[in-house]
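Everything numeric in this text was worked out from a predicted model, so none of it was measured. For this chain, numbers begin at 1 and follow the sequence in order. Atoms within a ligand are numbered from 1 in the order they appear, just like the ligands themselves. As a basis for the values below, the full set of heavy atoms in this structure was taken, side chains included, without hydrogen atoms, waters or symmetry mates.
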Amino acid sequence: MTSIVDAPEWRALTKNAEALAGTSMRDLFARDPDRFRRYSLSAAGLFLDFSKNKISDEILDNLLALAKARGLEARRDAMFAGDKINETEDRPVLHVALRAGADAAYAAGGAPVSALVNEELARMKRFADAVQGGKVRGRTGKALVNVVNIGIGGSDLGPQMAVEALRPYWIKGRRSHFVSNVDGRHLADTLSELDPETTLFVIASKTFTTQETLANARSAKDWFLNSGAREEDIAKHFAALSTNEEAVTAFGVDPENMFRFWDWVGGRYSLWSAIGLSIALQVGFQNFEKLLAGARAMDAHFRAAPLGENMPALLALVGVWNRNFLDIRAHAVLPYDQHLHRLPAYLQQADMESNGKRVGLDGAPVAHETGPVLFGEPGTNGQHAFYQLLHQGTDIVSADFIAAATAASELGDHHQLLLANFLAQTEALMRGRTEAEARADLAAAGLAPAEIDRLAPHKAFPGDRPTSSILMDRLTPETLGALLALYEHKIFCQGVIWGINSFDQWGVELGKALAQDILPEIGGPGETRPPATARDSSTNGLIDRVNKARGQRSGR
Ligand code: G6Q
């Protein structure tokens, strides 16, 4: 297969980038008053403006030609058809089937799955409704008002992000807690505020073999049993979300409280599955269904819209342009919405675990860059932190700005202030401020010429920093679902263009294996250990230091 960088579409884009070098986005906007209309679109309750990227019709045409040449449409169809597009794990990738609705008829690798999905959703609904309605209660008859989700990675980030995002929909009196870190403080700090009689543990683990989750689940079980509960009470206080029935049963969870999903659901794509139970418990099953419906609307758009009018495909192509042709190495996700404060962390996993790959589907190293470093914080907080580098740093960082035009409940003029900041930032990043403009501003402020000379270079902004804006009328379960599906499909499209498998994550394996290996070398408190010799001098030295400090510490 010809390397993608030798393809005519790639070469054309390289030429486009060279030709554009002397043109600023200011110029592009000045030349074309219609730019906003032409480079924006609506889908599934979302509006995307990508006009503040350094693109033109010709560039967009070449990007679309690249997508076609890479077989994006056929690959998309293969995903929806349940083909085994996760080739290194020999699995279909069918999270779209989890939110496809009652009438769907999806098959994974030829085997029908929609009836199974709907059956499991019905079981989740019964359970969530029973907890909400007080039919399921704790061992002493008290309502289960606290839910502790124990999971990590894909079994934590999605549900946690969605629960935070849907705060206005929270069931009164219910509180969800998320414990992920194997650092015992995470669990201990969380449990220190909880009453075992009113706590429901949801153990979320696709494999039910993950070291961190099992360690936390075991300690949670000990805490519960040490509160005077008996083994048979576990059924009332523990649920499990998993594909591994045997391990769940061995742990002691009642199979009635186990909610299943399947190997064709990737961990970071699993919040739509049983992994979403914690979301349903916090916001009610109806709102969870609305979240699925919002994603379904984006799926329908992604599946049917021609690439040139397809929101996930366009967002992906703009990202490819920025990454591969403008050499932009980092991408910021900047939600102007406090309730979306966990979205950057969630997308960091979704994007970086999916597209942080260096080898193509054919096993050969790729000849082009793949996923950017992704980070973010909610606006306006980030403005007072890292935006300095976004505006004036030597690296150009692309960004997605995300905002809702209205808030669930508005407090004074806060939402206007928030929106004004969002708009001001995208404008400033695009336009910048020339040194001449900086000089004029300083002169207008009455500064002496020498001061103007001294300060003007520091007050100039180069601008030309690309941003996309995603707007919704309001953040609801539906618009959240659409937003998350937009990003899932964007990541998929980029993976196809880059020729990589977005659905495996072998890169997390080496560290896991070494941790198992090193574990026996770490002494308990008060234990004396012989010097470590098995590894490099740095790792041996660190093990010795840790063991020395731990050896001097007795007891707990
Ligand atoms: C996600 C990854 C990873 C996974 C966690 C938890 O795509 O596979 O983040 O979700 O390692 O795995 P378990 O759900 O199996 O515990």
Side-chain angles (χ1 to χ4, degrees), residues 79 85-96 98 120 148-162 178-183 186-187 201-221 238-251 253 258-279 342 344-357 371 374 484-485 487-492 494-495 500-516:
M79 175 173 76
I85 63 164
N86 176 356
E87 291 171 17
T88 56
E89 295 181 319
D90 196 28
R91 290 174 188 165
V93 173
L94 212 49
H95 43 276
V96 292
L98 299 167
E120 216 52 31
V148 180
N149 186 94
I150 295 181
I152 196 165
S155 300
D156 167 71
L157 289 161
Q160 191 184 4
M161 172 274 301
F178 289 84
V179 174
S180 52
N181 203 328
V182 75
D183 183 342
H186 200 179
L187 182 71
F201 290 98
V202 175
I203 316 298
S205 178
K206 179 176 167 181
T207 55
F208 229 80
T209 57
T210 303
Q211 184 197 57
E212 293 93 327
T213 300
L214 291 188
N216 279 321
R218 279 192 294 267
S219 297
K221 191 160 92 172
F238 282 78
L241 322 173
S242 189
T243 58
N244 185 348
E245 188 155 356
E246 205 182 319
V248 167
T249 313
F251 181 82
V253 173
M258 174 183 169
F259 301 89
R260 292 162 190 80
F261 58 114
W262 305 273
D263 73 351
W264 42 265
V265 182
R268 55 193 173 276
Y269 299 91
S270 66
L271 74 88
W272 322 100
S273 71
I275 291 292
L277 184 69
S278 299
I279 308 171
R342 291 295 293 167
Y346 166 79
L347 287 179
Q348 202 163 45
Q349 180 192 29
D351 201 300
M352 292 172 77
E353 202 165 69
S354 297
N355 287 341
K357 311 278 163 72
L374 191 142
L484 302 179
Y487 275 107
E488 285 180 347
H489 296 320
K490 171 210 157 172
I491 291 164
F492 166 78
Q494 292 190 332
I500 55 180
N501 182 0
S502 300
F503 300 105
D504 60 12
Q505 56 283 315
W506 302 107
V508 302
E509 296 299 327
L510 177 62
K512 273 196 208 172
L514 286 179
Q516 288 294 356

Original post:
For ligand 1, which atoms, with element, lie under 4.0 Å from some heavy atom of R268?
Top reply: 1 (C), 7 (O)
Original post:
Is the backbone N or O of K206 less than 3.5 Å from a side-chain atom of S242, with the two atoms forming a donor-acceptor pair by type?
Top reply: yes
Subject >> Audit row: E89, Q505, side-chain contact (heavy atoms from CB on, under 4.5 Å) steps and yes/no >> reply: CA-CA 10 Å; E89 295 181 319; Q505 56 283 315; 3.4 Å; yes
Subject >> Atoms of ligand 1 close to Q505 [distance to a heavy atom under 4.0 angstrom, numbered from 1] >> reply: 7 (O), 8 (O)
Subject >> G267 neighbourhood, listing ligand 1 atoms whose heavy-atom distance to it stays under 4.0 Å >> reply: 1 (C), 7 (O), 10 (O)
Subject >> Heteroatom distance test (T207, ligand 1): nitrogen or oxygen, under 3.5 angstrom >> reply: yes
**OP:** For S155, take its heavy atoms, then give the atoms of ligand 1 lying under 4.0 Å from any of them.
**Re:** 10 (O), 13 (P), 14 (O)
Subject >> Test log, rule side-chain contact (heavy atoms from CB on, under 4.5 Å), inputs K357 and M352 >> reply: CA-CA 9 Å; K357 311 278 163 72; M352 292 172 77; over 6 Å; no
**OP:** Give the residue and atom name of whichever protein heavy atom lies nearest to atom 5 (C) of ligand 1, and the separation in Å to one decimal.
**Re:** I152 O, 3.5 Å
Original post:
Does E212 come within less than 4.0 Å of ligand 1, judged by its heavy atoms?
Top reply: no
Original post:
So, T88 and W506: side-chain donor and acceptor under 3.5 Å apart, yes or no?
Top reply: yes
Original post:
So, N86 versus N501: side-chain donor-acceptor pair below 3.5 Å or not?
Top reply: yes
Subject >> Derivation and outcome, side-chain contact (heavy atoms from CB on, under 4.5 Å), residues L271 and I279 >> reply: CA-CA 8 Å; L271 74 88; I279 308 171; 4.0 Å; yes
Original post:
Looking at atom 1 (C) of ligand 1, what's its closest protein heavy atom, distance included?
Top reply: E353 OE1, 3.0 Å
**OP:** Dump the intermediate steps for side-chain contact (heavy atoms from CB on, under 4.5 Å) on Q160 and N149, then the final yes or no.
**Re:** CA-CA 9 Å; Q160 191 184 4; N149 186 94; over 6 Å; no
Original post:
Which ligand 1 atoms does Q349 reach within 4.0 Å, using its non-hydrogen atoms?
Top reply: 1 (C), 2 (C), 3 (C), 9 (O)
**OP:** Name the orientation class of the two ring planes belonging to Y269 and H95 (parallel below 30°, tilted from 30 to 60°, perpendicular beyond 60°).
**Re:** parallel
Original post:
If we only count N/O pairs under 3.5 Å, is G154 in contact with ligand 1?
Top reply: yes
Original post:
More than 12 foreign heavy atoms under 6.0 Å from CD of E509: is that the case here?
Top reply: yes
Original post:
Which ligand 1 atoms are under 4.0 Å away from a heavy-atom of S205?
Top reply: 13 (P), 14 (O), 15 (O), 16 (O)
Original post:
Just to confirm, does any protein heavy atom lie below 4.0 Å from atom 10 (O) of ligand 1?
Top reply: yes
**OP:** For T210, counting its heavy atoms only, list the atoms of ligand 1 lying under 4.0 Å from any of them.
**Re:** 12 (O), 13 (P), 15 (O), 16 (O)
